[in-house]
There are 2 protein chains.
Amino acid sequence: METYTIKDIARELGISTSTVSRALRGSYEINAETKRRVMECAERLNYRPNPIALSLKGSASRAIGVILPQIANYFFSQAINGIEAIAYNRGYHVIIFQSQESYEREVANVQQAMSRKVDGLLMSLSSETADVEHLQEVLDRNVPLVLFDRVSSELNVTKVVADNFGGAFAATEHLLQEGRRRIAHLTIQPWLSITQERLAGYRAALEKHGVEFDENLVRYGTFGPDEVGPMIDELMRLDTPPDAFFTASDRLAVGCLQALRQRHLHIPEDVSLIGFTNLNVADLLNPALSTVVQPAQEIGQLAAERLIDQIERKHRALPIETVRIPTELIVRSSTRTEVVNQ
Amino acid sequence: METYTIKDIARELGISTSTVSRALRGSYEINAETKRRVMECAERLNYRPNPIALSLKGSASRAIGVILPQIANYFFSQAINGIEAIAYNRGYHVIIFQSQESYEREVANVQQAMSRKVDGLLMSLSSETADVEHLQEVLDRNVPLVLFDRVSSELNVTKVVADNFGGAFAATEHLLQEGRRRIAHLTIQPWLSITQERLAGYRAALEKHGVEFDENLVRYGTFGPDEVGPMIDELMRLDTPPDAFFTASDRLAVGCLQALRQRHLHIPEDVSLIGFTNLNVADLLNPALSTVVQPAQEIGQLAAERLIDQIERKHRALPIETVRIPTELIVRSSTRTEVVNQ
DNA sequence: CACGTTCCCGACATCGTTTGCACAAATTAA
DNA sequence: TTAATTTGTGCAAACGATGTCGGGAACGTG
């Protein structure tokens, strides 16, 4: 099958390309009969407008760019599903870029997306991203931008996030109610919004229950597969070692579970463990992992909806707001000291 | 920051756009001094060529398209990582499309990718895809195409796959050596290449060990979350019910584990279970899941390498071949009848 | 009959870049 | 000195689609 252009239709019908163009987009100033013939011919040749040419002209590309740290991550892959679902329904294509947690690549991705003329951008910041100049440029160019999950307070745009404070508060309070007092918090880079909010929730719960905050129990990092173990060893060597772990990400929760088991620390007898995760096999783990679940798919959906709303009503600026979606605490064996039914 | 074009440079320097264009790409027919001035100016304005315009011209876009069933899948997300790594090293951008296991969307994705002028296409077929006409078109347009994992025998292109036969053979033989005789095989759509190869490996192992093949023990399907349970009930009601399950995908392995546990069937005492999966938490499950591991990342890498080789040596056609990568059998508690050390 | 409208439609410029060709100036050869 | 060649540069077309003009035909109105 060839690719036909508006010219082929014009030649076939012996009319000009402008007429074809207008007929195709149903302009009122084209004769109904001409329109019909053009439509028929386009149908017959299986004509598809060339989006590249359209983009060159500066019109809408009906594509939205999604830039996020990495796809191989339960939270993000589910968020993408949410985004795709909405975008598809509203007639947009989704182009996905991974920053691989690298600032440099994030900047390159933004440039790619801009120069491929996406109609809008959906982003979750890389963990290396400290300044947001590259996003300021996006705004300067008047390209709609919505941030989700990993957002920046320096940017005045619509954001969609989970209720990180509430989730962390609930998790910590749950551990406290189970009688834990030395709760370690393993989390990611300190400058990320989600890190700060979760830490705040953790501290608030401690305070409410009269447990003193001990910064020795909080660890930040990227935590590759081999780093979790040593860090746990370090924590367990403290004068009063932790009796519970609250981790702030998927990878940390799994890495922590693995490391604790390798060290023959029993969960939840010796220490209990709760994660902030979207792992869909959390209940099949050994022991079943208590988690704070973030509605990843819903976050993706809402972010996509806001973005497309902005794209389509570009004239009348939509209000900028931060949408905060509740999280859910699911208690399983890894934090339950009573009899376990599984 | 504005976006500058070749015209701006030309105006700034009082020369023509053609000269700028040629200077930028280092044409031998441009004065060294002119070149230097152009380079300096481009540098100063932070000039970036507009890829859209380049694509319109029909030249390389330095982007490759990846079309696969879904991202939220351990195998595919790891494969994407492999693809990204290679593409990035060789200076290509990756544009990802999900077919969501829908033929219709796969076709739309192919069209999108073609009209966005990707330099090549990497694909894993949706489970609905029975004919490959839409891919024939890709070849007709002379766009390099490499298939991975879910491939079609009807297409004469380079393919990168796991050794599905060998993996299934090893898994089945392992179960037989553990004394199992009624091995159920839960698999996906029968027309997919991977399904057929795995089934063949399964049969070959049975045959080698003198166990008769019973087609009642083989089930095909898409298996949504609620379908695995009823199917297991059905199998367990057979005159001689299965004493082992061999599943052909990530989702099936997890779904099966969940369903078996809900039914209080003990693993591996009552039935044993082995999966064909890339689940990175397989060893943390309860019980730890034996698996045939496919080197997903390596498959992605090899596929990307082959594709880029083809793109860059388009003139001299590279040999078409099928690369088959060995799988690895990892035995864990879910199939081990002896004492379990986990 | 002259002029204004309306209705359809085509010519042409445009977006940013590459490229074939022409052409002037400078250099070399005869 | 004249002709031929080389060197460096600009003009214009092309890619596919849109949009601004403006023009021809048919009609109505004074």
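The basis for the numbers below is simple: all heavy atoms, side chains too, and nothing from hydrogens, waters or symmetry mates. By convention in this document, chain letters (A, B, ...) are assigned in the order of the sequence lines, proteins followed by strands, and residues within each chain are numbered from 1.
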Sugar-phosphate only, base, or nothing, as touched by B:Ser55 at under 4.0 Å among non-hydrogen atoms: nothing
Atom-to-atom span, CD1 of A:Ile52 to C1' of C:dT17 - whole angstrom: 13 Å
Verdict with supporting geometry, B:His134 and B:Tyr103, ring-ring contact (aromatic ring centres under 6.0 Å, His included): CA-CA 10 Å; B:His134 54 308; B:Tyr103 173 69; 5.3 Å; yes
Rounded distance (Å) that lies between atom P of C:dT6 and atom CG of A:Asn31: 18 Å
Whole angstrom value for the distance that separates C1' of C:dG20 from NZ of B:Lys57: 10 Å
Any donor-acceptor N/O pair under 3.5 Å between D:dA17 base and A:Lys7 side chain: no
Other residues, nucleotides, ligands: >12 heavy atoms within 6.0 Å of A:Glu133 CD: no
Pairwise 5' ranking along DNA chain D for B:Ile30 and A:Thr5, keeping only the more 5' one: B:Ile30
Separation of D:dT9 P from B:Leu24 CG (nearest whole Å): 14 Å
Flag if over 12 foreign heavy atoms under 6.0 Å of CD, A:Glu33: yes
B:Leu56 CG - D:dA14 C1' separation (whole Å): 10 Å
Residue pair B:Arg306, B:Asp309: steps toward the salt bridge (Lys or Arg N to Asp or Glu O under 4.0 Å) verdict: CA-CA 5 Å; B:Arg306 302 287 163 144; B:Asp309 285 349; 5.6 Å; no
Candidate nucleotides C:dT18, D:dT9, D:dA17, ranked by approach to the side chain of A:Tyr47 - the nearest: D:dA17
Spacing between B:Tyr28 atom OH and C:dT19 atom P, to the nearest angstrom: 12 Å
Length of the CZ-P vector between B:Arg25 and C:dG20, whole Å: 12 Å
B:Arg150 side-chain N/O to B:Ser124 backbone N/O, donor-acceptor pair under 3.5 Å: no
Sugar-phosphate only, base, or nothing, as touched by B:Ser21 at under 4.0 Å among non-hydrogen atoms: base
Sugar-phosphate only, base, or nothing, as touched by A:Arg22 at under 4.0 Å among non-hydrogen atoms: base
Nearest-Å distance for atom pair CG/P, residues A:Leu54 and D:dA17: 7 Å
Carboxylate-amine/guanidinium proximity below 4.0 Å for A:Glu40 and A:Arg44: yes
First of B:Ala53 and B:Glu29 reached from the 5' end of DNA chain C, by closest nucleotide: B:Ala53
Residues touching DNA chain D, which here means a heavy atom under 4.0 Å, drawn from residues 10-19 of chain A: A:Ser18
Out of D:dG8, D:dA17, C:dG16, whichever nucleotide has its closest atom nearest the side chain of A:Asn50: D:dA17
B:Glu43, CD atom: more than 12 neighbouring heavy atoms under 6.0 Å: no
